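No experiment lies behind these values; they were computed from the predicted model shown. Order of the sequence lines fixes the chain letters, A, B, ..., with proteins taken first and strands second; residue numbering starts at 1 for each chain.
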Amino acid sequence: MLKDLFIADIYARKHELLGKRVRVCGWVHNIRDLGRLKFILVRDRTGVLQVVVKKGESPEDVVEKAGDLRLEAVVCFEGVLVESRSKFGVEVKADKLIVLSQPVEPLPLEPDTSLEAGLATRLNYRWLDARNPRVNMVFQFEAWVARVFRDYYTENGFVEIFTPKIVAAGTESGAEVFPVIYFGREAYLAQSPQFYKQMAVIAGLERVYEIGPVFRAEPHHTTRHLTEYHSMDIEFGFIEGPEDVMAMVEGFFRRLADGMARDPRVKPIVEEFQASLRVPREVPRVTMREAYKILEEEYGKKIPYGEDLDPEGERLLGKYFSEKYDSDLVFVTEYPWASRPFYTMRKPDEPEWTYGFDLLMKGLEVVTGSQREHRYEKLLENLRDKGLNPESFQFYLDFFKHGAPPHGGAGMGLERIVMQSLGLENIREARLLPRDPERLLP
RNA sequence: GCCGCGGUAGUAUAGCCUGGCCUAGUAUGCGGGCCUGUCAAGCCCGUGACCCGGGUUCAAAUCCCGGCCGCGGCGCCA
């Protein structure tokens with residue numbers, strides 16, 4: 001192994017390492033060449049460390065090789081760690097230099113200032129862009145969010161599942177699907193694990209979760225849509241109502257907020273982005289009918305009764321609950337039947353409304369969930385009511401023929417949660433290699 | 001899919017409205033030189049661009065049309 005210490009480890013253990021030889025491996029972040037004295041800043045995932053090369057003190061070959069270095073070359077320096085007059089506090093007096101890789105062409109993008117470039121350029125050269133510490137942090141944060149999700153639901157008795165991404169039918173009415181040719185037959189990329197996670201509950205796993213890609217063939221041109229994103233899904237049985245599902249979603253977001261405030265693994269990231277997530281003791285819930293009223297009375301915005309919120313409506317509701325309830329989250333409950341998929345359970349006494357809900361985070365929909373319809377006959381009714389042909393959903397209906405507990409679940413958009421947590425302006429920033437209607441490379 | 005705005009060196013920008021003063025300015029990168037404590041190092045020299053096609057005009061980076069691409073809003077959705 002060439003590398004034994006991250007730069008952050010060197011800083012963390014500096015009292016122990018001062019006066020000792022260390023090896024620092026990474027990318028050449030900056031070169032301040034004063035002639036016989038050169039300062040070379042080496043960067044890795046965890047930070048930047050200064051290396052000093054002095055003519056007369058450092059070995060001749062090191063001085064020579066250091067003089068030829070270009071920005072973003074990959075190097076390992078060895079030398080004694082000493083106190084430094086620089087802002088870095090410590091520095092390495094180089095006595096050995098291994099050049100592992102030297103750029104063969106001028107840089108199309110400088111990682112240090114890549115954030116000044118347009119997003120399209122940055123994405124075209126993502127392998128340079130993501131060397132920018134701030135950009136790198138986004139993906140470290142994303143990994144952490146996924147980990148918090150796994151930890152939280154595992155602790156609550158959920159089992160991780162892995163469902164097919166090549167499917168025979170589109171799962172929900174609504175989003176368009178990408179066709180693929182499957183040994184001469186038409187198949188599709190899964191737009192949601194919905195049917196299979198329900199099946200897993202019915203199959204006796206009882207509480208399941210999955211983090212996986214989903215595909216939406218919608219030609220969106222917005223800052224919050226991707227054609228491929230990651231859905232963090234949960235589904236669990238033996239619930240008494242949609243409130244049980246919301247409580248299970250709320251618990252995860254509370255864990256997320258606590259982690260952002262306290263977890264040392266993300267502390268530097270949260271500080272860098274000045275990120276915060278306010279989750280009050282009770283996350284507010286409003287029914288869709290109440291939401292219409294708030295929008296009209298507070299903001300004069302009229303949404304046709306029985307219709308879904310538009311993006312402006314979501315933003316305004318987010319603003320309302322941020323200001324009045326000091327909350328970055330709000331559940332919008334009892335969605336109209338007209339705007340929810342057929343597997344959603346309808347309110348028994350008011351069948352025009354459902355047990356479906358959304359969670360808005362800082363004015364953006366990040367979670368959709370519901371209690372599902374688990375009664376075979378009711379599912380048939382719902383399908384017919386939506387004008388769908390039950391035959392094309394027979395494989396799904398069959399799941400419900402042999403004992404299905406009342407259950408519910410939710411899907412959460414990983415990239416949207418990252419975007420809203422860190423205050424990113426475009427969801428593409430929250431994916432290393434985003435796919436949108438135009439972009440298929442790199 | 002619809003609507004609006006945009007496209008100048010590797011990158012980010014000035015110039016476009018009001019066509020000629022543009023041999024296209026600046027910063028950074030890149031190449032070369034000077035410099036023994038830099039802190040976004042500095043200084044000197046050099047390199048490198050008007051998205052593509054058509055039109056208007058004596059003259060087009062600049063005005064008009066089409067295409068491609070980019071950015072954003074909407075519909076739909078996580």
Q: Identify the heavy atoms of Pro268(A) and Met137(A) that sit nearest to each other, and give their distance.
A: O-CE, 4.2 Å
Q.
Taking Watson-Crick (N1-N3 plus N6-O4 or O6-N4) and G-U wobble (N1-O2, O6-N3), each under 3.5 Å, can you produce the dot-bracket string of RNA chain B? Use [ ] for crossing pairs and | for inter-strand ones.
A. (((((((..((((......[....)))).(((((.......)))))....(((((..]....))))))))))))....
Q: State whether Arg122(A) places a side-chain N or O below 4.0 Å from either non-bridging phosphate oxygen (OP1 or OP2) of G70(B).
A: no
Q.
Within the 4.0 Å limit for protein heavy atoms, which parts of nucleotides 27-37 of chain B are touched? Write it as a string from 5' to 3', B for base, S for sugar-phosphate only, - for none.
A. -SSSS---BBB
Enumerate all atom pairs, one protein N or O and one N or O from nucleotides 5-9 of chain B, separated by less than 3.5 Å.
none

**Q.** Atom-to-atom span, CG of Leu128(A) to P of G10(B) - whole angstrom
**A.** 15 Å
(Q) Testing the basics here: between Leu49(A) and Ile7(A), what is the closest heavy-atom pair and its distance to 0.1 Å? (A) CB-CG2, 3.9 Å
Q.
Between Ser322(A) and Arg278(A), do the side chains contain a donor N or O and an acceptor N or O under 3.5 Å apart?
A. yes
Q.
Heavy atoms within less than 4.0 Å of RNA chain B: which residues of residues 134-151 of chain A have one? Give them sorted by number.
A. none
Could you go over nucleotides 43-49 of chain B and give all protein N or O partners under 3.5 Å, atom names and distances?
none

**Q.** Sub-4.0 Å heavy-atom contacts from residues 361-374 of chain A onto RNA chain B, ordered by number
**A.** Glu365(A), Val366(A), Val367(A), Thr368(A)
Q) Has Asn124(A) got a side-chain N or O lying under 4.0 Å from the OP1 or OP2 atom of G10(B)? A) no
Q. Is any N or O donor-acceptor pair between the side chain of His221(A) and the base of G73(B) shorter than 3.5 Å?
A. no
